[in-house]
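See below for the structure under consideration.
Each chain gets a letter, A, B and so on, in the order the sequences are listed, and its residues count up from 1.
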Amino acid sequence: MSTTSHEQRPDLASESGSGSGSESGSVSGSGSGQPAAPGCGRNRRLRGLLRKEWLQILRDPSSIAIAFVLPVALLLLFGYGVSLDSKHVPVGIVIELPGPEAASFAGAFRQSQYFAPVFYATRQEARAALRAHELDGIVVIPADFAQRLKGDRDAPVQVIVNGVNANSARLLSAYVQGVWSTWMQRELSDRLIPVVQPVNPETRIWFNPEVRSRNYLVPGLLVVNMTLVGALLTALVFAREWERGTLEALMVTPVTLREILLGKLLPYFVLGMGGMVLSVLMALFLFQVPMRGSLWVLAACSTLFLLAALGMGLLISIVTRNQFVAGMIAILATFLPAFLLSGFLFDIDSMPVAVQAITHLVAARYFVAILQTLFLAGDVWSVILPNAAALVLMAAFFLGLSRRRLHKRIE
Amino acid sequence: MHRILALVIKEFLALFKDPRSRFVVIVPPLIQLLVFGYAASYDLNNVQYAVYDRDGGYAARELLARFEGSPTFSRAQRIERQSEIAELIDAREVLLVVQVGPRFTADIAAGRTASVQIIIDGRNSNTAQVALDYTNRIITDFNRDWTAARGLQGPPVHLVTRAWYNPNLESRWFFVTGLVGILTLVVTMMVTAMSVAREREQGTFDQLLVTPMRPTQILVGKAVPGLLIGLFEASLVVLVAVFWFEIPLVGSLAVLYTGIVLFLFAAVGVGLMISSLAVTLQQALLGAFLFMVPAVILSGFATPIANMPEPVQWLTLGDPLRYYLIILRGVFLEGAGFPLLVHEMWPLAVIALATLAAAGWLFRHRMG
Amino acid sequence: MSTPLAASDLRKTFRSGKRTVTALDGISLAIAAGGVTGLIGPDGAGKTTLMRLAAGLLVPDAGSIVCLGHDATRESLAVQAKVGYMPQRFGLYEDLSVQENLDLYADLQGLPPAERPDRYARLTEMTGLGPFADRLAGQLSGGMKQKLGLACTLVRPPRLLLLDEPTVGVDPVSRRELWDIVYTLVRDEDMTVLLSTAYLDEAERCADVILLHQGRVVGQGPPASFSDPLAGRTFLVTGPVAERRRLQASLAKRPGVLDAVLQGDAVRVVTDAAHPPDCDDLGDSVTCEPVSPRFEDGFIARLKDKQDHAPLPGVADVVAAEDEAIGVDGLTKRFGDFTAVDNLRFTVRSGEVFGLLGANGAGKTTTFRMLCGLLPATAGRLRVAGVDLRRAAAKARGRIGYMSQKFSLYGNLSVRQNLDFFARAYGLRGQGVRERLDWALSAFELTDLADAESGTLPLGYRQRLAMAAALLHEPEILFLDEPTSGVDPLARREFWARINALAEHGVTVLVTTHFMEEAEYCDRLVIMAAGALLAVGTPAEIKARAARDDRPAPTMEDAFIALIQQEGAA
């Protein structure tokens, strides 16, 4: 009985869904991502997915926290916590025998912002202080300093630095050398002692004449943050749908894979860009980093980078299907490489060749190059174009692979 | 006591049978060891630079040969036009350009001071400063040799800099010793932060709580594996640092291991605290991450604490890694003993006591 | 296309670790259009795999499955546009409201906006979700969630509806409502429904039943075709109430008896031929009368493993120190403003099997956790095994065993390692550990699997292991939290046989359950609703409270629903 009544309305389903009435006819392959229904049915599905994602973002504070709070907190922490600009470095000045020359030389240290000189009468005291980490370095002005200055022999003045932190030690000794040469030159010309200095280097530091480390660290940190944020955003949300079983319910609707991917990508892209804008504003107004390039290039490159970062997150969560593993991989695969291998802190050219090769796989590397140039140098196309091209490739790679690895099957 | 032992054995079995945990204990330290060990360095050894020699005389050639001969600099590009300087630097093809003026040899031969222009890309200010230091040294050496060879009157006194503890100022010594600290932290935190949260998520924690074990016993049972694994990891990294990266270990092992154990207690305390706060494994992971990132940044691992603004420096006082790194570098490079390092050890002990007590309290009060 | 769903020679295997598991072993079937077809089978029989294959979510290894005229593998998108599929764990977006979930699925299914108001009205009327349109899905009760999941699958009326265990973990009231919806759909919307279930009583509500076992179709036909062959072979044996467990155990061992289970105060017996069980030696008070067969009898008769074992050998008699095993007075638990458990009062006598029943969210689990000492009570007195839980929790915990709803042993440890750990955690040592381990492995028939990783065991074995672990220290009281949820009828029987054996030896058992026939196995039980106690008593007393003129002998389920509804009305 029921069979006959059924056959009187053989096409009940497709009749009631007028927007997608051509479904049964247009579908040939399965799971191949071809839209089941062209036109408005597809738009409506995508719109539905987008609205759902937005509502979820608004209700679940975790995405908002990842997109906005995390980058702000990290940027504040790093912006203030990471600095290579030393000031008031404690340096011991040992004056073995007070005299006008010694006083004048010691005075040169007092005037420098870089040093916080502490005075000692004997080497032993100063060395003990150096050992106890009270000092970073010692300059010993010997008892016969005045005689040595007058002599024509090339006499040494001893400087000792704590070399544990090699970089700081190197900068310290360079600064001591700077104070020394300036003082020496003035002293010699005051006394009209003729001295030949064959070569005098004239240095010009472009783009960052006051060598503020923050100017290059902050754009780099921005990249590290956005890599983490982009990957975490998508890695967690997709895996969450797997875990909660919502994806299985989604898969049995006529929705296509492209719609699912776009429905995930677009909202988090908007969110990620929001975080990016916030970070750039902080860089410009809080950390006072100059902006010499144009904003539209920044926007365009950020788009490319965010697509690559989100694509990577998508791929991670599609492959792992587990929030915990996805989160772990996202952190491991983004944070450390972006920190170490992007050239933001450590010079890529100085790394071993094998490590250099790996850096080419890190999207952050290209974005660091672009951002440091955009902020400090300007629209230098010879830097921006090749790096942007690399970002396009990486975005296409991650998104393409995500699309390939996502199936409408649950195996 | 034997209940705790049973728990410890079970923890180890569960930890090393779970591929995820094995991964956490083995892979990140290996990656970090290799990548940090080789990538993390402020030293420059392959500086790309260009030479714009408008003089071409013998003095200029002699100066430029010193750049060429330096291990820091790679082969120079020669450029012919002023405009190329900007092109090369803008495109980041070279880090610096040495420009020798047209009267360089003439000036120097006449006993006048000749000038050389060094144009450096300051986008990365630290690299720029380091490279500048290298060029200044080359020029200073050149000056001294030039005057000495010709019997001219140079400056009567010059500075002789000696670096204690690290005579060749190798960044690697600094970073690899720091690495010992970071890896110990990462592994210990991961093992302990996940331990309770994993059981909570899998429902086995309830099963554990209905046994007659007391919370303190469970706490100790959870802490011991973290301590042992941390100890193992730290020893492993110390061995690699000494035998692979050839970092000198000047101080005594007794001081080193006192520091390691104190630090491990502090790290285990923080890890267990996070673990007893977290309901899911994911929260534990995020918690551990949110603790570790600032802990590393504020520890003085990559950038000196002294460079931070004062309020941030106060924050570092609560960071166990800060003290641990000073102990490690002190023992490794400086050969520091107890009298010097006791100032770093007691804060570690305080942090360990505070966090373990807090974890114990949370254990008892978060059973629901 | 006379049949909406046809499978032919369908095979599907999965890899699980190193083993290959055959989920479907070449099955062929066709279901009739219009009507409810039940897909019945024990856990792991391949029900979910078949559903997923039909929905185009899996690719078969061999064979084909045709759904509404489309090959479900090659034309999965076309199939997905026409069928409605509700997975076992329907993925509701818990942070979206009821209305937003419906809107989402309306968009995804392509329901034109013009048709929505009518459809929504119809669905909300059918499911009773109307008043909750703006509530977040995550805040609905379990039954409500299932109904919302169903509504989402139905936004565009499908011609074929696939429901994968829609009633699992749902309380009897909601279960009945779900069935009403399904019937309405079949009647009014001319839908064909394929529904899988582990509840055998539900099979009798289906027009047609497919019985799956180990990936094969064991039988297909109307429910009566399963029970009819047993006509004359089913009996109800009644004896003294206090002796009913012993009676059941004794009957089960008799030759010719296929199955013996408690039903109310009596024992239901299925024999292998049309003659009553031999009851002569059981004494005068025992009477035996024939009853009409049920679907369950047919199911058991077809699938039951013929070799019976002693349910649980080697259990030592427990002599409880006092008569009262658990005493609860004024027990209250508040979470913030919300009172989860409100002023409970009951006692459990030593050696009783005591049931804790209630709808989802009634406060059962909270009560349970407080009794085990996992959750501190806000107020009230709580004595377990003669010990005040507030004062000597560790001492009390040494005398109880606990088995949670979810498998809660260490999944990556082997069976032996798990048992060894818990034995030591309970304070056994040396020789004691070895003895109890040997006992547990042999009594629960786990010896062959002693070195298998426990997480990879089938559900039934994991359940056995969990119970073994809870009994290592020979507890006086055993707490079982929904121990049989999701377990197939055969394993459930085995499980209850063990519980009965324990009760015979004086162990007190406190159990929560959703299965109303399991409530009948209890000596006494309480029914909870909204954190408060609705009724306490023996199963017979509670059923008697629901007796009405039109229903002189209500089942436990009738009684439960009546009590809940009375409470709701009051």
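Of the two parts of B:Ala59, neither the backbone nor the side chain holds a non-hydrogen atom closer than 4.5 Å to a non-hydrogen atom of chain A. Contact of B:Ala86 with chain A is made through backbone and side chain together, with heavy-atom distances under 4.5 Å. Contacts of B:Tyr38 with chain A are made by both backbone and side-chain atoms, with heavy-atom separations under 4.5 Å. For A:Leu341, the part lying under 4.5 angstrom from a heavy atom of chain B is the side chain only. Looking at B:Phe301, there are no atoms closer than 4.5 Å to chain A (heavy atoms on both sides), in backbone or side chain. Contacts between B:Arg112 and chain A at a heavy-atom distance below 4.5 Å involve the backbone alone (N, CA, C, O). For a residue to count as touching a neighbouring chain, one of its non-hydrogen atoms must lie under 4.5 Å from one of that chain's; by this rule B:Ile108 touches chain A with the side chain only. Looking at A:Arg292, there are no atoms closer than 4.5 Å to chain B (heavy atoms on both sides), in backbone or side chain.
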What pairs of donor and acceptor atoms, side-chain ones from residues 345-356 of chain A against any protein atom, are under 3.5 angstrom apart with sequence neighbours left out?
from, atom 1, to, atom 2, distance (Å)
A:Asp347, OD2, A:Ser350, N, 3.2
A:Asp347, OD2, A:Ser350, OG, 2.8
A:Ser350, OG, B:Asn45, N, 3.2
A:Gln356, NE2, A:Ile348, O, 3.4
A:Gln356, NE2, A:Asp349, O, 3.1
A:Gln356, NE2, A:Met351, O, 3.0

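For the pair B:Phe104 and B:Val116, the minimum side-chain heavy-atom distance is below 4.5 Å. Side-chain contact check for B:Trp173 versus B:Asn168: every heavy-atom pair is 4.5 Å or farther apart. Between A:Gln158 and A:Pro142 the shortest side-chain heavy-atom distance does not fall below 4.5 Å. Put simply, the side chain of B:Ile138 reaches to within 4.5 Å of the side chain of B:Phe67, judged on heavy atoms.
Using a 4.0 Å cut-off between charged nitrogen and carboxylate oxygen, B:Asp43 and B:Arg172 do not count as a salt-bridge pair.
In terms of non-hydrogen atom pairs under 4.5 Å with chain A, the most contact-rich of B:Thr147, B:Thr161, B:Leu315 is B:Thr161. Contact count versus chain A (heavy atoms, under 4.5 Å) is highest, among B:Leu333, B:Leu63, B:Asp90, for B:Asp90. The residue among B:Asp133, B:Val312, B:Leu290 with the most heavy atom pairs within less than 4.5 Å of chain A is B:Asp133. When each of B:Trp146, B:Phe289, B:Trp164 is scored by its heavy-atom pairs under 4.5 Å with chain A, the top score falls to B:Trp164.
Note: B:Arg137 CZ to A:Arg170 CZ = 6.5 Å, rounded to the nearest 0.5 Å. Rounded to the nearest 0.5 Å, atoms CZ (B:Arg329) and CG (B:Leu341) are 13.0 Å apart. Atoms OG and CG, on A:Ser86 and A:Leu172 in that order, are 8.0 Å from each other to the nearest 0.5 Å. Rounding to the nearest 0.5 Å places CD of A:Gln177 at 9.5 Å from OG1 of A:Thr182.
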Apply the test ring-ring contact (aromatic ring centres under 6.0 Å, His included) to residues A:Tyr216 and A:Phe344: give CA-CA distance (whole Å), side-chain angles for both, the deciding distance (0.1 Å), then the verdict. CA-CA 8 Å; A:Tyr216 81 93; A:Phe344 124 80; 7.5 Å; no
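Between A:Trp183 and A:Phe105, the angle of the ring planes lies from 30° to 60°, which puts this pair in the tilted group.
When the heavy atoms of residues 131-140 of chain A are compared with those of chain B, the residues falling under 4.5 Å are A:Arg131, A:Ala132, A:His133, listed by number. Of all residues in residues 292-300 of chain B, those placing a non-hydrogen atom less than 4.5 angstrom from a non-hydrogen atom of chain A are B:Val293, B:Pro294, B:Ile297, B:Leu298.
In this structure B:Gln117 satisfies the side-chain contact (heavy atoms from CB on, under 4.5 Å) test together with A:Glu202, A:Arg204, B:Gln99, B:Ile119, sequence neighbours excluded.
At least one donor-acceptor pair closer than 3.5 Å links the side chain of B:Thr316 to the backbone N or O of B:Gln313.
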